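These notes concern the structure reproduced below.
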There are 2 protein chains.
Amino acid sequence: MTKTKDQRADSARPLPLNQILGGDCIEIMNGLPAGSVDLVFADPPYNLQLKGDLHRPDNSRVDAVDDHWDRFSSFASYDAFTRDWLAAARRLLKPNGAIWVIGSYHNIFRVGAEIQNQGFWIMNDVIWRKTNPMPNFRGKRLTNAHETLIWAAKSESSKYTFNYEALKSLNEGIQMRSDWVLPICTGGERLKDAAGDKAHPTQKPESLLHRVIIGTTNPGDVVLDPFFGTGTTGAVAKMLGRDYVGIEREEAYREVAARRLARIRRLDQDAIATTRAKRAEPRIPFGQVVERGMLRPGEELFSIGSRHKAKVRADGSLIGNDIKGSIHQVGAALEGAPSCNGWTYWHFRREGKLIPLDILRQQIRAEMEGDAPRPN
Amino acid sequence: MTKTKDQRADSARPLPLNQILGGDCIEIMNGLPAGSVDLVFADPPYNLQLKGDLHRPDNSRVDAVDDHWDRFSSFASYDAFTRDWLAAARRLLKPNGAIWVIGSYHNIFRVGAEIQNQGFWIMNDVIWRKTNPMPNFRGKRLTNAHETLIWAAKSESSKYTFNYEALKSLNEGIQMRSDWVLPICTGGERLKDAAGDKAHPTQKPESLLHRVIIGTTNPGDVVLDPFFGTGTTGAVAKMLGRDYVGIEREEAYREVAARRLARIRRLDQDAIATTRAKRAEPRIPFGQVVERGMLRPGEELFSIGSRHKAKVRADGSLIGNDIKGSIHQVGAALEGAPSCNGWTYWHFRREGKLIPLDILRQQIRAEMEGDAPRPN
DNA sequence: GTTAACCATGAATCCTCAC
DNA sequence: TGTGAGGATTCATGGTTAA
């Protein structure tokens with residue numbers, strides 16, 4: 001396969017797959033080859049420490065006059081940090097790549113605005129609704145029972161990955177919504193350090209990453225996490241047959257993550273396979289139905305309830321009510337609709353029953369399976 | 001008490017209570033007395049940036065929000081607009097006042113960042129989870145099933161109003177969470193114009209305003225809405241014994257709102273009893289069992305007597321005897337039955353024993369206990 | 001009159017490939 | 001880069017009509 005110009009320019013250091021890189025994520029990302037990553041998942045820090053910023057280093061109270069400047073300074077430095085790591089991540093993405101960022105009201109608005117400013121194209125914001133959040137002990141606010149994720153493609157024109165059918169399947173046949181109800185990470189899943197305390201303050205549940213990775217990557221894709229922490233992204237990516245790249249500044253977290261990842265086993269192909277979308281099926285021209293003699297030229301087709309009729313012609317076009325064209329065009333014209341799926345709209349008659357054309361297409365596809373089996 | 005310069009300058013025009021003011025909200029707010037409002041509720045244009053038409057699978061056309069008031073030339077012009085109306089609203093707030101803003105991913109990040117920049121202090125972001133959102137018809141994204149509200153005090157030092165106990169009792173004795181499950185505004189509540197069409201494209205449900213006003217104002221408080229529309233804020237404020245100030249640019253909306261408000265009667269405090277039906281058992285998709293790691297992709301399931309077997313896949317579907325589908329579909333197919341309850345049909349093996357899936361569903365439901373009940 | 005079937009609609013950044 | 005054609009895609013609710 002031919003490398004893109006970007007990849008050639010940076011090929012001095014190829015993308016190190018399935019490793020945890022130590023150091024500042026902005027510097028490290030800038031040293032990796034551009035256009036080499038399918039998905040970025042980022043859980044950036046949001047320790048604004050605004051309270052602390054109200055005191056000077058000598059611990060004197062900042063007075064009201066300085067208040068505004070101080071706040072601005074704090075937001076400005078966080079915004080600069082956000083701008084830099086987002087730009088570095090965007091450079092790494094393939095043209096059809098995408099990013100997920102998770103945050104809370106402390107930081108997500110600033111991150112979301114910068115995502116838009118940099119030309120990412122937001123697909124959804126997603127609410128992780130926690131089944132077991134920490135209550136607000138003082139009763140001064142609402143229970144902060146959710147976090148917000150932003151899912152954005154690299155650009156408006158990106159052909160991003162979205163496994164619609166797989167997510168629908170995860171939701172028992174109903175279209176997946178933008179609010180996800182999942183428990184926080186506790187119990188055996190929560191990693192502990194040597195002292196038995198939690199190894200990381202904000203470890204995310206694997207269930208959250210499972211949904212992200214199943215929904216917006218394919219097996220073999222590269223998932224990069226610039227704030228790797230204890231490696232939840234890597235663990236789920238590895239389990240589901242994706243490659244990961246982790247970047248983490250703190251050595252203690254890297255060690256916990258490395259031990260965790262060593263224990264993970266990739267699932268076998270059967271388990272990783274997900275329900276394939278119809279649009280991924282090979283396209284069958286209607287003319288093949290006629291060529292193979294499954295329908296004869298001259299045979300009549302009917303819409304539901306026989307409201308409309310049309311005749312099959314030898315070239316695989318239809319003619320009905322003086323309208324000629326494809327099965328789709330004639331159906332759309334007769335219905336006065338902007339479009340029409342002729343495969344499901346038209347029916348042929350066998351033994352008094354009306355059978356949709358799509359049955360014939362499925363027969364042809366089944367025959368083709370034997371010739372060139374597809375994965376899944 | 002000495003008046004501030006602002007208040008002196010504006011005292012020529014006292015705050016007009018329980019009226020709808022016509023005109024540009026920024027100009028009008030700048031002409032009202034500073035520090036005179038307890039709560040601002042704002043539903044600004046979302047800047048949806050819609051392109052072409054959208055059709056449902058049945059070919060009917062979706063009535064898009066393409067009104068002139070939602071069109072902005074760029075992020076920069078939207079940001080300038082946001083900066084100006086937020087500054088004008090902030091000036092009107094009493095020192096202990098607060099603001100609510102509602103939006104979607106199209107605009108809420110930009111609004112939230114500017115709220116922080118201007119020195120408001122965010123208390124919570126609140127998710128309105130819609131029980132009946134419009135689906136994603138093309139299957140290219142997640143159902144956009146929520147909107148986001150930001151609740152912020154005028155400043156960090158504001159002693160904002162929060163009626164903790166009132167919200168707790170609205171929530172059947174459990175602390176109110178940051179995610180609110182409410183239906184969209186339809187049926188008899190949805191206002192119609194003379195032609196019988198919806199009077200406003202984005203009318204909000206009264207239930208949403210009810211919760212906001214009960215939770216963050218006291219009787220007799222002044223609630224200002226700079227994007228009044230058909231006056232939902234005013235209607236609920238009046239009903240609950242608060243004063244309102246509405247600002248609306250479009251005369252057609254003002255007329256609808258005025259008629260609506262004339263019909264509203266203030267309730268006795270005693271009459272604000274909340275009735276709600278018992279919560280239905282929440283539906284648990286089998287996919288959650290897989291995401292949460294209660295069963296691993298690849299694990300085998302068995303029917304009673306182990307007559308049939310199937311394997312769990314990563315998307316929560318099963319594969320057994322070459323049949324793929326949900327736990328219910330595969331069970332039904334293997335039994336040659338029209339339907340099958342997969343939760344009781346399938347079993348997993350633990351320590352040599354076969355355990356029905358339904359045990360896992362009960363575990364998930366138990367974890368969800370204590371969640372906010374669903375209305376209706 | 002009762003029930004079932006049918007229809008309408010909601011803040012939406014909603015297609016993809018070949019030529 | 002545009003154009004044209006193939007053909008894939010929906011959930012909850014409330015109101016209206018048919019049986």
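Keep in mind that what you see is a predicted model, and the values were worked out from it rather than measured. Every chain is numbered from 1 and lettered A, B, ... according to where its sequence line falls, protein lines coming before strand lines.
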Quiz item: Of the candidate nucleotides D:dT13, D:dG6, C:dA11, which contains the atom at the shortest distance from the side chain of B:T131?
Solution: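 Looking only at side-chain atoms, B:T131 lies closest to D:dT13.
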Practice problem: Look at the side chain of B:D58 and decide which nucleotide, out of C:dA12, C:dT9, D:dC11, has an atom nearest to it. | Solution: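 Closest of the options to the side chain of B:D58: C:dT9.
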Self-check item: Paired and unpaired positions of DNA chain C as dot-bracket, Watson-Crick or G-U wobble under 3.5 Å, | denoting a partner strand
Solution: .|||||||||....|||||
Quiz item: Does the gap between the ring centers of A:H347 and A:F302 come in under 6.0 Å?
Solution: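 No - the distance between ring centres of A:H347 and A:F302 does not fall below the 6.0 Å cut-off.
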Practice problem: Assert yes or no for the condition that the ring centre distance of B:W180 to B:W128 is strictly below 6.0 Å. | Solution: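 No, ring centres 6.0 Å or more apart.
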[X] (side chain) and [N] (base): donor-acceptor pair under 3.5 Å:
X      : N      : result
B:R190 : D:dG14 : no
B:R138 : D:dT10 : no
B:K140 : D:dA8  : no

Practice problem: Please answer whether C:dC14 and B:F137 are stacked, defined here as ring centres separated by less than 5.5 Å and planes angled under 30°. | Solution: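 According to the criterion (under 5.5 Å, under 30°), no, B:F137 does not stack.
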May I ask you to say what [X] touches in the nucleic acid, namely base, sugar-phosphate or nothing, with a heavy-atom cut-off under 4.0 Å?
X      : answer
B:P44  : base
A:K278 : sugar-phosphate
A:R361 : sugar-phosphate

